[in-house]
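In this text, all values refer to a predicted model and were calculated from it rather than measured experimentally. The first residue of the sequence shown is numbered 1, and numbering continues consecutively from there.
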Amino acid sequence: MVVQAKGSGEWSQALIPAARAGDEEAFQGLVEAYLSSAERLARSILQSEEAAADAVQEALIKVFRAMPRFKDGNFRAWLLRIVSNTCYDHLRSQKRHKSISLEQMIEETDFETPDCRGEQNPERYTLRQERLQILSRMVEGLPSWYRDVVVLVDIHGYDYGEAAASLDLPRGTVKSRLSRARANLRDKLAAADMLL
C-alpha cells in the first residue's frame, strides 16, 4: 500500500473500502489520519490524559468492529462521534454527577415562606434573584444546541417528547444534550461556588 500525507481527505476516503473489507493496514492509515483529533476530543471531555487514552482505545475497537457497516460519508465525523459517545459512557459509568434539574443546581431558599410576622425575607429573595440572573447568563453562554434543550425542558417545562418534536430531534438526542448541558452548567456553578 502506498502511504500518502496524513490528513489528505482523498487519501483517507480511498482507504475506506479496503478498511471496510477488513484490511488492517488501511484501517490503521485511517486511524492515524484522525488520531490526534480523537485524542484532543477525549481529553476535552474527560479532563484526564489517562481516561482519554482509555476512551480512545475503546472507541477505536468499536470503530474497527463497526467498520464493515460504515456507509460512505464523513469518516472523521463518524469516528469522533464514537469517541465522544464513548467518553460520555465513561463519565456515566463513573457516576461523576447525579442528574439534577436546573432548579436544583442553585441553593433553594425559603424566601417564599413567610416568617412569623407573615412577611417574606427580602434578603433571601434578592440573593435568589441574583443567582437566577447569573444562571440565566450561563444558560445564554451555552452553545445553541445545548441552550435550546435547557430552555425548552428546564425553563419552559416541556417534556422530552415535546422538546424533541419542537426541535425536530430524536428524543434520545434531547436527553443526552440536556444531560451534557446540565453537566456544563453544574461545573460553572461549582466554579462560582453556587451549588448546594
Heavy-atom check, side chain of Arg177 versus side chain of Leu169, under 4.5 Å
yes
Arg43 (side chain) donor-acceptor with Glu49 (main chain) under 3.5 angstrom
no
Using 30° and 60° as the class boundaries, would you call the ring planes of Phe75 and Phe70 parallel, tilted or perpendicular?
perpendicular
Is it true that Val151 and Trp145 fall in one hydrophobic cluster, defined by side-chain heavy atoms closer than 4.5 Å?
yes
Between CD on residue Glu130 and CG on residue Leu135, distance to nearest 0.5 Å
13.5 Å
Inter-residue atom distance Lys62.NZ - Asp89.CG, 0.5 Å rounding:
5.0 Å
Minimal non-hydrogen separation, Ile82 against Ala59, with atom names:
CG2-O, 3.8 Å
Of all heavy-atom pairs linking Glu162 and Gly157, the shortest is OE1-O, 4.4 Å
Looking at side-chain heavy atoms only, is the closest gap between Phe27 and Val63 below 4.5 Å?
yes
Closest non-hydrogen atom pair between Ala55 and Leu46, with its separation:
CB-CD1, 3.7 Å
Distance (rounded to the nearest 0.5 Å) between Tyr160 OH and Lys175 NZ
6.0 Å
With sequence neighbours left out, write down each residue that passes side chain to side chain donor-acceptor pair (under 3.5 Å) with Arg20, or none if nothing qualifies.
Asp72
To the nearest 0.5 Å, what is the distance between CD (Glu39) and OG (Ser36)?
7.0 Å
For Ala26 and Ala19 the tightest heavy-atom approach is CB-N, 3.7 Å
Which residues pass the side-chain contact (heavy atoms from CB on, under 4.5 Å) test with Asn74, sequence neighbours left out?
Arg76, Ala77
pair Leu60-Leu79: side-chain heavy atoms closer than 4.5 Å
yes
Of all heavy-atom pairs between Ala38 and Val56, which one has the smallest distance, and what is that distance?
O-CG2, 3.7 Å
Hey, does Ser176 have a side-chain heavy atom less than 4.5 Å from the side chain of Tyr88?
no
Check the pair Glu32, Gln28 against side chain to side chain donor-acceptor pair (under 3.5 Å), reporting the backbone distance first and the verdict last.
CA-CA 6 Å; Glu32 287 176 3; Gln28 184 65 32; 3.1 Å; yes
How many angstroms lie between CG in Asp187 and CE in Met138, if you round to the nearest 0.5 Å?
10.5 Å
Min side-chain heavy-atom separation Thr173-Val149 under 4.5 Å:
no
Full working for side-chain contact (heavy atoms from CB on, under 4.5 Å) between Leu178 and Asp154
CA-CA 9 Å; Leu178 184 61; Asp154 280 336; 3.8 Å; yes
Report yes or no: does Ser84 contribute a side-chain atom to a donor-acceptor pair with the main-chain N or O of Leu80 at less than 3.5 Å?
no
Search all heavy atoms of Ala51 against all heavy atoms of Ser48 and return the closest pair with its distance.
N-OG, 3.2 Å
Spacing of Ile45 atom CD1 and Leu41 atom CG [to the nearest 0.5 Å]:
4.0 Å
Could you tell me if the side chain of Met67 sits less than 4.5 Å from the side chain of Leu30, heavy atoms only?
yes
